[in-house]
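Everything on this sheet refers to the single structure shown next.
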Amino acid sequence: LGEVEECLDELDGGPALSVLAENRDALSLGKELASLPLSRLFVGLYDLHLDMGSANLFFPLVDGTLDAFRAQYGGSFGVAGITLPHLGRPIPQKLLLAAMARLKCDFGVGRNAFRHDIAINRIGSAVQAIRKSFHGMCGRTHGMVEADHIRLSNLVASMTVDEGVR
């Protein structure tokens with residue numbers, strides 16, 4: 001937290017500061033981080049799963065870790081990489097978008113293979129398709145949200161360590 005506060009002090013209200021949270025210590029500071037004038041906070045699942053010693057990088061999406069953080073941190077939030085709604089591996093993008101909507105994410109970051117998935121001349125239409133799918137996820141009923149969460153939980157539980165970190 002001290003490093004973030006030092007950066008904010010140095011910026012002195014100038015450029016916006018976004019933060020990447022990648023470990024349990026950072027996620028334990030939800031209230032404190034929420035009190036700071038951060039532009040955005042993104043949770044890096046890969047390093048978080050290593051820090052947690054979990055067998056799969058997607059466990060924090062289903063084991064309550066990120067739900068607990070979001071209960072404390074109400075600022076601009078993102079998690080997981082995005083791609084076209086009909087793609088995604090090892091987790092289908094629609095299930096990741098459903099989790100992002102459940103967690104009230106308000107931005108996304110292209111996954112590592114984003115440019116492999118999408119030709120440069122299709123970036124604009126791809127972003128629109130992602131937004132449309134995400135906004136549809138935001139309008140689901142409680143039952144639909146729960147059903148998607150159960151599907152994601154079951155998929156994550158069935159994955160091996162190697163499948164989870166591709």
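The analysis underlying the following values was restricted to heavy atoms, covering all of them including side chains, and did not include hydrogens, waters or symmetry mates.
- Val4 and Leu27 fall within a single hydrophobic cluster, where Ile, Leu, Val, Met, Phe, Trp and Tyr are joined by side-chain heavy atoms under 4.5 Å apart, directly or via other members.
- At a threshold of 4.5 Å between non-hydrogen side-chain atoms, the residues Asp148 and Lys94 do not count as touching.
- Proximity of a side-chain donor or acceptor of Arg102 to a complementary backbone N or O of Val145 within less than 3.5 Å is not detected.
- A cation-pi geometry, defined here as NZ or CZ lying under 6.0 Å from the six-membered ring centre and within 45° of its normal, does not hold between Arg40 and Phe77.
- Within the 3.5 Å criterion, the main-chain N or O of Met137 finds a donor-acceptor partner in the side chain of Arg140.
- In this structure, His116 NE2 and Thr83 OG1 are separated by 10.5 Å, a value rounded to the nearest 0.5 Å.
- Between the side chain of Arg115 and the backbone N or O of Ile118 there is at least one donor-acceptor pair closer than 3.5 Å.
- A donor-acceptor pair under 3.5 Å is formed between the side chain of Ser125 and the backbone N or O of Arg122.
- Side-chain contact between Phe134 and Pro85: absent, with no pair of heavy atoms (C-beta onward) separated by less than 4.5 Å.
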How far apart are the C-alpha atoms of Ile130 and Gln93, what are their side-chain angles, what is the distance that settles it, and do they pass the side chain to side chain contact (heavy atoms under 4.5 Å, CB included) test?
CA-CA 9 Å; Ile130 294 165; Gln93 184 64 46; 5.8 Å; no
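- The cluster map of Ile, Leu, Val, Met, Phe, Trp and Tyr, joined by side-chain heavy atoms under 4.5 Å apart, puts Met144 and Leu155 in different clusters.
- At least one side-chain heavy atom of Ile123 sits less than 4.5 Å from a side-chain heavy atom of Phe114.
- Side-chain heavy atoms closer than 4.5 Å link hydrophobic residues (I, L, V, M, F, W, Y) into clusters, and following such links, even through other members, never connects Leu41 to Val109.
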Candidate pair Tyr73 and Leu38, rule side chain to side chain contact (heavy atoms under 4.5 Å, CB included), full reasoning:
CA-CA 11 Å; Tyr73 180 80; Leu38 299 176; 4.3 Å; yes
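- For the pair Val79/Leu96, no side-chain contact is recorded, criterion being any heavy-atom separation below 4.5 Å from C-beta on.
- Linking Ile, Leu, Val, Met, Phe, Trp and Tyr whenever their side-chain heavy atoms come within less than 4.5 Å leaves Leu45 and Leu20 in two separate clusters.
- Side chains of Ser54 and Asn56: no donor on one and acceptor on the other come within 3.5 Å.
- Rounded to the nearest 0.5 angstrom, His49 NE2 and Glu22 CD are separated by 12.5 Å.
- Within the 4.5 Å cutoff, the side chain of His149 has no heavy atoms near those of the Leu61 side chain.
- Interatomic distance, Leu8 CG to Glu10 CD, rounded to the nearest 0.5 Å: 11.0 Å.
- Using a 4.0 Å cut-off between a side-chain N of Lys or Arg and a carboxylate O of Asp or Glu, Asp117 and Arg111 qualify as a salt bridge.
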Can Ser39 and Leu17 be said to form a side chain to side chain contact (heavy atoms under 4.5 Å, CB included), step by step?
CA-CA 5 Å; Ser39 174; Leu17 180 66; 5.8 Å; no
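- Note: the hydrophobic cluster containing Phe59 also contains Leu152 (ILVMFWY, side chain heavy atoms under 4.5 Å, direct or indirect links).
- Side chains of Gln72 and Leu33 form no contact here, defined as non-hydrogen atoms less than 4.5 Å apart.
- Minimum interatomic distance between Ser76 and Phe107 (heavy atoms only, all atoms of both residues): OG-CD2, 3.6 Å.
- A distance of 9.0 Å separates CD of Glu146 from OG of Ser153, quoted to the nearest 0.5 Å.
- Separation of atoms CG (Leu48) and CG (Leu66) is listed at 6.5 Å; rounding is to 0.5 Å.
- The closest donor-acceptor contact from the side chain of Asp51 to the backbone of Arg24 lies under 3.5 Å.
- Put simply, the side chain of Arg151 never gets that close to the backbone of Leu95: no donor and acceptor are under 3.5 Å apart.
- With a 6.0 Å radius and a threshold of 12 heavy atoms from other residues, nucleotides or ligands, Asn154 has its CG atom above the threshold.
- When side chains are defined from C-beta on, Phe42 does not count as touching Ser18, because their heavy atoms never get closer than 4.5 Å.
- Note: Glu6 CD to Leu1 CG = 10.5 Å, rounded to the nearest 0.5 Å.
- Taking both residues in full, the closest heavy atoms of Phe69 and Ala26 are given as CE1-O, 4.1 Å, listed atom of the first, atom of the second, then distance.
- In terms of heavy-atom proximity, Leu103 sits nearest to Arg70 at O-NE, 2.8 Å.
- Looking at every heavy atom in both residues, Gly74 comes nearest to Ala34 through N-CB, 4.3 Å.
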